[in-house]
Amino acid sequence: MGPSFWRLFASSSTSNLSDGVMQAALPLLAATLTRDPVAVSALASLAFLPWLLFAMPAGVLVDRVNRRAAMAVANVVRAGLLAVLATTVVLDVASLPILYGLAFLLGTAETVYDNAARAMLPAVVPRRKLERGNSLLGMAENVGQIFLGAPIGAWLFAIAISLPLWANTGAYLLAALLALTVAGSFRTVREHETSVREDLLEGLRWLVRHPFLRPLMAVTVFGALFHSMTTGILVLFALEELGFDERGFGLMLAAAGVAAVIGSLVSPYVTSLLGRTTAMGLSELLSSLAIMVMGLWHDPVVGTVCFALSAGTISMFNVQVMSVRQAIIPAHLFGRVQGAYRTAIWGGIPLGSLLGGVVGSWWGLPAAFVTAGVLGAVVAMATWAVLHRWQDMVSDAFAHDPVD
């Protein structure tokens, strides 16, 4: 894959490990402050809300600056925010409003980091290796965020509430330093100066007029929304319905991490075996059905297995769909188009998370899982139909490889 890829891989792996620690530590911190499902799910909503508000401006920024520097600065900002949160915990002044505010700011920095990281990959590997590159990065993401990061976050939290926050402050700083070692030029060549508004409109027009990405975005918006109904209340579901303690919750996340790693790594082979359309449609469908079973069968073993299956198949889908976008979107427009795409996709996540909290509060936590699974399965079939309609365009995009 080349030395530049492996340096990008090292930086992303460290950053994703930090993200994983936070995925366990922040919900557990919220659960010490309240057991209200709506209040806990609001944390996940606020963490993803910046994707609705700032993904497009972040994309414009990424297309205007050195993408390597953008990754580093975003992680330095996240390190500073976690140091502030850790200080409030040590001083025993942590509260839900403080946690909500810092989660929102952390999510804002993530919009810049993620857009820059995704935009860098096509510049360090040829197009024919995009899915392999995304597979390896997805593997590192799942190892860091779920398999290692989440249980480490839960275990550190059990020792001392502030410990995972301090640990992540250092980890984000290390990831920033590693990003700066990636060799190459990562500033987009601009033929003439344009305003931010002109850049935004150019990216939007390109996406809205694209015959394939526009309907793909439309259906996956609802897929992300329904799938996220379970994210905000997962910690409560594990503690109250499945009977896990904090360490058990971490082990459940670790099992999902193993499955997600496997899903990322086998994604290129499944695509080769089944074809891109069938592989993507089937993976999204299986993920939704596994969530539905979790809501119907409240057993810790069954819940862990189904959550792992869902994580593995959605990880596979994410690798595949990201590779499709990277193959189709022009390099000089990638940040803006990706930002617009993520505004829609990730912007639905806070709505879904909040919706899951409301359903869980009104009709019980299992009802939210069943609802998410059923609606997600319907969306998966619609996604499958869109992919089938435009499969020739996707094949042509991967066949044309301008990067040697």
Side-chain angles (χ1 to χ4, degrees), residues 51-52 55-60 62-63 114-115 118-119 121-123 126-128 130-131 133-134 188 191 194 197-227 267-268 270-272 274-285 288 314 316-349 375-403:
W51 285 101
L52 181 62
M56 288 184 61
V60 172
V62 164
D63 283 345
D114 196 74
N115 268 323
R118 295 301 185 181
L121 182 61
R127 186 167 294 180
R128 65 185 180 274
L130 276 177
E131 188 155 350
N134 279 309
T188 301
E191 296 181 356
T194 55
R197 179 177 180 276
E198 288 172 331
D199 285 352
L200 281 171
L201 290 177
E202 184 182 13
L204 276 174
R205 280 194 296 264
W206 191 92
L207 178 59
V208 170
R209 293 172 181 173
H210 199 276
F212 167 61
L213 287 184
R214 184 184 65 248
L216 179 66
M217 179 182 67
V219 292
T220 50
V221 161
F222 289 99
L225 188 151
F226 296 139
H227 194 273
S267 177
V270 174
T271 297
S272 177
L274 302 179
R276 196 172 302 277
T277 296
T278 300
M280 293 176 69
L282 186 61
S283 60
E284 189 178 22
L285 178 62
S288 297
I314 203 64
M316 189 184 306
F317 177 82
N318 287 338
V319 167
Q320 294 158 346
V321 76
M322 175 57 70
S323 301
V324 168
R325 294 203 297 270
Q326 289 170 333
I328 291 177
I329 301 171
H332 71 283
L333 288 173
F334 189 86
R336 283 164 279 173
V337 176
Q338 173 77 348
Y341 196 101
R342 284 286 182 90
T343 296
I345 303 299
W346 287 49
I349 292 178
L375 295 177
V378 173
V379 171
M381 298 307 296
T383 304
W384 205 330
V386 171
L387 292 166
H388 179 74
R389 169 69 176 81
W390 297 102
Q391 58 183 332
D392 290 341
M393 176 183 287
V394 175
S395 298
D396 291 343
F398 279 92
H400 176 64
D401 189 359
V403 179

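Taking each heavy atom of Met280 and Phe317 in turn, the nearest pair found is O-CD1, 3.3 Å. Residues Gly281 and Ala380 come closest through the heavy atom pair O-CB, 4.5 Å. For Met217 against Leu207, the heavy-atom pair with the smallest separation is SD-CD2, 3.7 Å. Here the shortest heavy-atom pairing between Ser283 and Met316 reads CB-SD, 4.2 Å. Taking each heavy atom of Trp384 and Leu282 in turn, the nearest pair found is CZ3-N, 3.9 Å.
Aromatic rings of His210 and Trp206 (six-membered ring for Trp) have centroids within the 6.0 Å cut-off, being under it.
One finds the CG atom of Asp392 at 9.0 Å from the OG1 atom of Thr277 (value rounded to the nearest 0.5 Å).
Using a 4.5 Å heavy-atom cutoff, the side chains of Trp390 and Leu216 are not in contact. Between Pro211 and Met393 the shortest side-chain heavy-atom distance falls below 4.5 Å. In this structure, Val324 and Phe212 have side chains that are in contact, with non-hydrogen atoms separated by less than 4.5 Å.
A donor-acceptor pair under 3.5 Å is absent between the side-chain atoms of Thr278 and the main chain of Gly275, judged by distance alone. Panel note: side chain Thr383, backbone Val379; a donor-acceptor pair is recorded below 3.5 Å. At distances below 3.5 Å, not a single donor-acceptor pair connects side-chain atoms of Arg276 with backbone N or O atoms of Thr271.
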